[in-house]
Number of protein chains: 2
Amino acid sequence: MARRAQTSTAVLGALAIGPLTGYEIRQAITTVLGHFWHESFGQIYPCLAELEADGLIAATPGERAGSRRFEITDAGRGRLRDLLLEPAPPQAPRNGVLLRVFFGRELPDGAMTDLLDDVATEARTRLATYAGIRAGIAADPEYATHGRFWEATIRAGELSAQATIAWVAEVAPSLTT
Amino acid sequence: MARRAQTSTAVLGALAIGPLTGYEIRQAITTVLGHFWHESFGQIYPCLAELEADGLIAATPGERAGSRRFEITDAGRGRLRDLLLEPAPPQAPRNGVLLRVFFGRELPDGAMTDLLDDVATEARTRLATYAGIRAGIAADPEYATHGRFWEATIRAGELSAQATIAWVAEVAPSLTT
DNA sequence: GGGCACATGTAAGCTGTTACATGATTAA
DNA sequence: TTAATCATGTAACAGCTTACATGTGCCC
């Protein structure tokens with residue numbers, strides 16, 4: 001029931017937008033959702049089997065032999081709604097960069113500069129990626145109904161990346177001797 | 001070796017600032033480090049035992065019967081340095097709020113408003129907490145040597161919280177019908 | 001003498017990751 | 001015909017959480 005609740009939410013949510021095969025769910029999660037949500041592939045198929053057994057999704061034969069395309073059922077849509085209404089479980093923070101900055105005095109000269117440079121570069125790359133995703137989703141036929149939610153999600157990523165870049169610019173002078 | 005690398009980093013890092021008992025490490029991790037780093041208490045004592053066996057930390061009897069205060073050894077300081085120089089392992093993102101926003105079309109009326117309100121409130125609470133932590137660390141005798149690193153860490157939290165508040169203000173109008 | 005903060009530790013169980021195994025279809 | 005992509009699945013393992021077990025010292 002509640003054990004794989006978050007994985008179920010992601011899978012049911014994806015299927016609420018349109019029917020997909022397990023492989024396609026996996027792809028959707030790595031490309032679009034991948035920037036704020038992660039699923040281990042080893043969990044998707046067991047999760048699909050469980051959801052199907054519970055009547056929350058239904059399979060139709062896919063184009064290829066052996067492949068199955070899943071659709072969300074009315075019961076599944078109700079369950080998704082319930083799952084989305086539950087408060088988001090707090091993610092235990094494990095920020096490796098901040099851990100290194102916090103103990104930064106133990107870092108040899110130059111290492112802090114490298115670390116901060118990498119962080120800023122990564123944030124800039126993320127910004128570019130978001131721009132690409134934005135262009136991609138705008139072409140999606142579901143954009144009319146889901147677009148504003150997708151845009152808001154990407155916007156969170158952009159503001160976060162910009163905050164990171166601003167942070168590096170602000171603290172670098174005092175941390176790099 | 002590499003299995004508990006991140007926990008070792010946090011523990012060695014804490015002991016590099018000053019000698020602590022297991023209990024005090026636990027406290028330090030929940031209060032100051034807690035906002036960007038999490039350790040399960042069940043891991044601290046096994047980790048301490050391992051580090052002691054490897055000669056990276058050394059125990060002296062604490063004030064109370066049975067308690068032990070740990071100090072970092074020279075070997076431990078070298079190991080900490082190596083650990084800090086390793087790139088921070090990427091944390092798989094699992095942002096429950098963004099997952100809910102992304103699938104926001106499935107949310108009933110009003111739920112999105114509540115969700116965003118909660119997010120903004122939580123971010124404001126975090127800002128207030130950071131102000132408290134700032135006041136606390138400024139009084140620490142180690143502030144002179146470590147202060148700028150601690151300040152930079154807190155600053156990252158502040159900028160992140162501010163970005164969250166700005167995000168809610170920006171996207172709320174388009175998401176709450 | 002009761003409650004709280006200090007202090008240390010373990011063990012069961014759950015979750016999630018990794019690596020592997022298998023095979024169909026399509027493009028070069 | 002070979003490589004890449006599509007497609008499904010499992011099983012072993014690593015890591016983490018939770019709950020429990022135990023005891024000291026201080027203050028009211």
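No experiment lies behind these values; they were computed from the predicted model shown. In what follows, chains are A, B, ... by sequence order, proteins preceding strands, each numbered from 1.
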Starting at atom [atom1] of [X], determine the distance to atom [atom2] of [N], rounded to an integer number of angstrom.
X	N	atom1	atom2	answer
B:Glu39	D:dT18	CD	C1'	16 Å
A:Arg94	C:dG16	CZ	C1'	14 Å
B:Ile25	C:dC6	CD1	C1'	14 Å
B:Ile29	D:dT17	CD1	P	11 Å

### Message
Is A:His38 close enough to C:dT17 that one of its side-chain N or O atoms is under 4.0 Å from OP1 or OP2 there?
### Response
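So the side chain of A:His38 is within the cut-off, an N or O lying under 4.0 Å from OP1 or OP2 of C:dT17.
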### Query
Distance check: side-chain N/O of B:Ser40 vs OP1/OP2 of D:dT17, anything under 4.0 Å?
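Result: yes.
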### Query
By side-chain hydrogen bond (donor to acceptor under 3.5 Å, both in side chains), which residues pair with B:Arg155, not counting sequence neighbours?
A:Glu170, B:Glu158
### Query
Do the side chain of A:Asp54 and the main chain of A:Leu56 share a donor and acceptor less than 3.5 angstrom apart?
no
### Message
List the residues meeting side chain to side chain contact (heavy atoms under 4.5 Å, CB included) with B:Glu71, not counting sequence neighbours, and say none if there are none.
### Response
B:Pro19, B:Thr60
### Message
Tell me which pairs pass salt bridge (Lys or Arg N to Asp or Glu O under 4.0 Å) where either residue lies in residues 95-108 of chain B, with sequence neighbours left out.
### Response
A:Arg77-B:Glu106
### Summary
With B for base contact, S for sugar-phosphate-only contact and - for none (protein heavy atoms under 4.0 Å), nucleotides 2-11 of chain D reads ----BBBBB-
### Task
State which residues pass salt bridge (Lys or Arg N to Asp or Glu O under 4.0 Å) with B:Arg68; sequence neighbours excluded, sorted by chain then number.
B:Glu52
#### Entry: Partners meeting salt bridge (Lys or Arg N to Asp or Glu O under 4.0 Å) with B:Arg69 (sequence neighbours left out)
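B:Arg69: salt bridge (Lys or Arg N to Asp or Glu O under 4.0 Å) contacts with B:Glu24, B:Glu63.
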